[in-house]
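Remarks on the structure that follows.
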Amino acid sequence: MIKRTHYAGELTEYEIGKDVVVMGWVQNRRDLGGVIFLDVRDVSGICQVVLDAGHLSDAAFDLAQTLRSECVVGIKGIVEERAEDTINLNLPTGTIDVRASELIVFSQSKRLPFEVSQSEGVKETLRLKYRYLDLRNPSVQSKMKLRQEVLRHTRQYLYDQRFTEFETPILTKSTPEGARDFLVPSRQKKGGFYALPQSPQVYKQLLMVGGMDRYFQIAKCFRDEDLRADRQPEFTQVDMELSFVDAEDVIALLEGLFASLMKSVKGIDLELPFKRLTYQEAMEKYGCDKPDLRFEMPMHDVTECVAKSDFTVFTEVIKKGGVVKALTVKKGALFTRSHIETLTQNALEYGGGGLAWIAIDSDGTQRSVLTKYFSKALMDELLEHVEAGPDDLIFFCAEPKYKAREILGKIRLDIGDLLGLRKSEHFAFAVVTDFPLFEYDESEGRYFAMHHPFTMAVDEDVKKFKTAPHEMRAKAYDIVLNGVELGSGSIRIHDPQIQAQMFETLGFEESETRSRFGFLLEAFEYGVPPHGGFAFGLDRFLMLITGASSIRDVIAFPKMKDGSCPMLQTPSYVDESQLEVLHIGHLQRHHDKVTVELEPHETIDHVAKLSMLDLTEEERKHFAKDLSDIIGFADQLLALDLEDVLPLYHVHEDTNAFRSDIVTPFEYGASIVIKVPKVVE
Ligand code: ASP
């Protein structure tokens with residue numbers, strides 16, 4: 001076989017006059033009679049190849065005429081300068097081409113389900129079913145290459161900081177990240193199960209006990225949760241742990257890592273240190289613990305001020321213990337009525353009772369229903385409090401405290417969108433600290449660890465385990481980017497007595513603690529260094545820095561929203577015998593749902609009989625494949641979670657248009673069109 005000498009996209013004018021061999025996929029073929037032009041694409045880019053009858057054998061030229069898009073070829077030829085009028089400055093190799101003297105066709109390609117260069121616009125099921133075609137798209141490849149750049153850089157940065165890279169087991173025991181586990185039944189230990197790790201948390205702490213000082217891992221984590229755009233059942237974390245550190249040391253290391261990553265992969269200089277907020281501040285000012293700080297617009301608490309007004313909508317809520325929060329939108333008075341209505345509607349959808357507002361015109365005139373309930377002095381006090389002046393718009397939300405913060409926090413983001421303040425090419429990192437150690441779950445009547453049960457409390461709060469756990473703050477920190485939690489970490493408990501108090505507050509029985517975490521507690525009895533760590537979601541980080549709308553775009557082989565993979569058709573059913581070996585054969589199997597296993601021979605024949613067709617063996621094979629594709633697709637449709645999805649079409653009984661030239665009795669017309677879908681813009 002001839003050997004490749006150059007990558008297609010890396011040929012330059014320096015190679016002019018040289019013999020080269022390039023190999024790749026035919027992106028395009030243009031047949032101009034005696035001359036055929038090919039765009040040959042490989043991982044590095046594209047170059048143009050010229051095949052003409054004068055330079056090729058007859059057989060090779062004939063072969064060139066049969067080439068289809070995406071077949072794989074090898075070309076030997078000489079690099080030539082392009083004629084002035086054929087130069088393509090949009091292509092890095094646009095000033096040269098390769099005049100072929102030999103052509104090898106390594107493999108042909110069937111007709112494609114979609115054009116490679118258009119793959120990003122294709123329905124996701126189809127795109128993921130043929131992910132290997134999608135991956136050929138240079139724009140998809142560029143995300144994968146960026147992923148590898150981030151990994152390479154992260155590794156180097158951490159090596160330079162004296163970290164050691166580890167791999168920890170995938171077949172392990174339930175870990176304490178609070179999600180549902182994926183379980184793997186054991187063949188050798190009847191009734192025993194491994195759990196796939198939700199994170200390598202316990203292993204990394206054991207590595208600290210093992211004296212490894214600084215650990216990191218590009219770790220696969222598995223959490224059986226309902227999926228969203230930024231979640232996958234298996235995802236990658238950059239996971240680390242350090243000995244003899246406090247929270248400030250870990251945060252400083254992370255700032256250094258992210259600053260150097262952003263510089264090397266995006267060419268962006270980040271301002272250090274990152275903006276710091278306590279959990280409390282974040283909740284008060286932005287209504288959530290992962291604020292989007294690409295824009296300021298903090299919330300103001302105006303409860304005390306508006307309590308003095310006669311506006312009963314506010315005063316009634318306050319009497320019942322609620323609060324009134326306000327958001328000032330600078331230059332917001334330019335918002336149209338319909339903007340304000342949309343935001344009010346959103347507030348209703350977020351579970352609130354609506355929004356009140358004041359618009360201040362440039363001459364200072366106030367437009368609002370509120371004005372008549374406020375004295376001039378009180379209104380001045382209010383406007384001063386919310387830092388509002390001419391041209392500004394202020395929104396108010398009166399609700400119980402947690403609800404007011406949450407609703408106005410969401411409205412703040414909506415306003416950011418309306419004003420174009422959330423640009424994907426802007427990056428606002430922040431560090432959130434002082435999280436509560438516990439969350440109380442009303443329905444279960446018990447405390448849960450807000451981070452995980454190995455998180456240390458802030459020193460002065462350690463005494464509150466028995467008296468006021470709800471007031472305890474954790475030595476935990478999150479890194480937030482553009483309103484997304486990139487990752488979290490904490491200083492861990494290394495004192496067995498504090499760990500015991502933690503488990504006790506969480507309501508773990510002694511025996512449960514022993515069986516779940518006994519190995520760790522025992523390890524801590526043999527000398528454990530103070531330690532802490534952090535993990536961030538690599539996929540999420542990539543999603544943000546590439547401006548992708550979904551985490552799936554930056555993963556080579558992601559799962560669909562329902563956890564399935566349309567390419568490998570996973571999850572799939574297994575043989576009874578496999579279940580028997582794993583001692584779970586007795587479990588009920590939902591096999592009789594339509595599955596791809598359906599041997600379609602007979603079914604095909606039945607359908608053929610119905611339509612009175614005779615099928616040849618060859619046709620039957622094709623139809624069998626089509627049928628199983630249809631069944632597979634129907635399965636996927638069945639599995640779609642449409643609960644929160646608004647329909648595209650609405651049935652409207654009385655807003656359909658009738659032809660005015662035909663008189664139709666109304667009732668009759670209405671009943672005819674009653675089910676006609678109406679497109680809602
Ligand atoms: N294991 C934690 C997580 O996956 C991170 C950490 O505390 O280091 O969120």
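Numbering of ligands and ligand atoms starts at 1, following listing order.
For atom 5 (C) of ligand 1, the closest non-hydrogen atom on the protein side is S488 O, 3.4 Å.
No side-chain N or O of T164 forms a donor-acceptor pair with one of Y159 less than 3.5 Å apart. With 3.5 Å as the limit, one finds no donor-acceptor pair spanning the side chains of R127 and T125. Donor-acceptor pairing under 3.5 Å is recorded for the side chains of D160 and Q156.
No side-chain heavy atom of R131 sits less than 4.5 Å from a side-chain heavy atom of P566.
Counting only non-hydrogen atoms, the option in Q205, R223, E241, R492 that gets closest to atom 7 (O) of ligand 1 is R492.
Ligand 1 has a nitrogen or oxygen under 3.5 angstrom from a nitrogen or oxygen of Q201. Between Q198 and ligand 1, a contact under 3.5 Å exists for no N or O pair.
Every atom of ligand 1 with a heavy atom of K204 under 4.0 Å away is listed here by number and element: 6 (C), 8 (O). Contact atoms of ligand 1 toward F534: 8 (O) (distance under 4.0 Å to a heavy atom of the residue). For ligand 1, the atoms lying closer than 4.0 Å to a non-hydrogen atom of E177 are 1 (N), 2 (C), 3 (C), 4 (O), 9 (O). Of all atoms in ligand 1, listed by their number and element, those nearer than 4.0 Å to a heavy atom of S199 are 1 (N), 4 (O). Within ligand 1, counting atoms from 1 as listed, the ones closer than 4.0 Å to a heavy atom of Q237 are 3 (C), 4 (O).
No cation-pi contact links K204 to Y215, judged by a cut-off of 6.0 Å to the six-membered ring centre and 45° from its axis.
Aromatic ring orientation, F541 versus F429: tilted (interplanar angle from 30° to 60°).
In summary, of the residues considered (R147, R231, K220, R552), a salt bridge (Lys or Arg N to Asp or Glu O under 4.0 Å) with D539 occurs for R147 alone.
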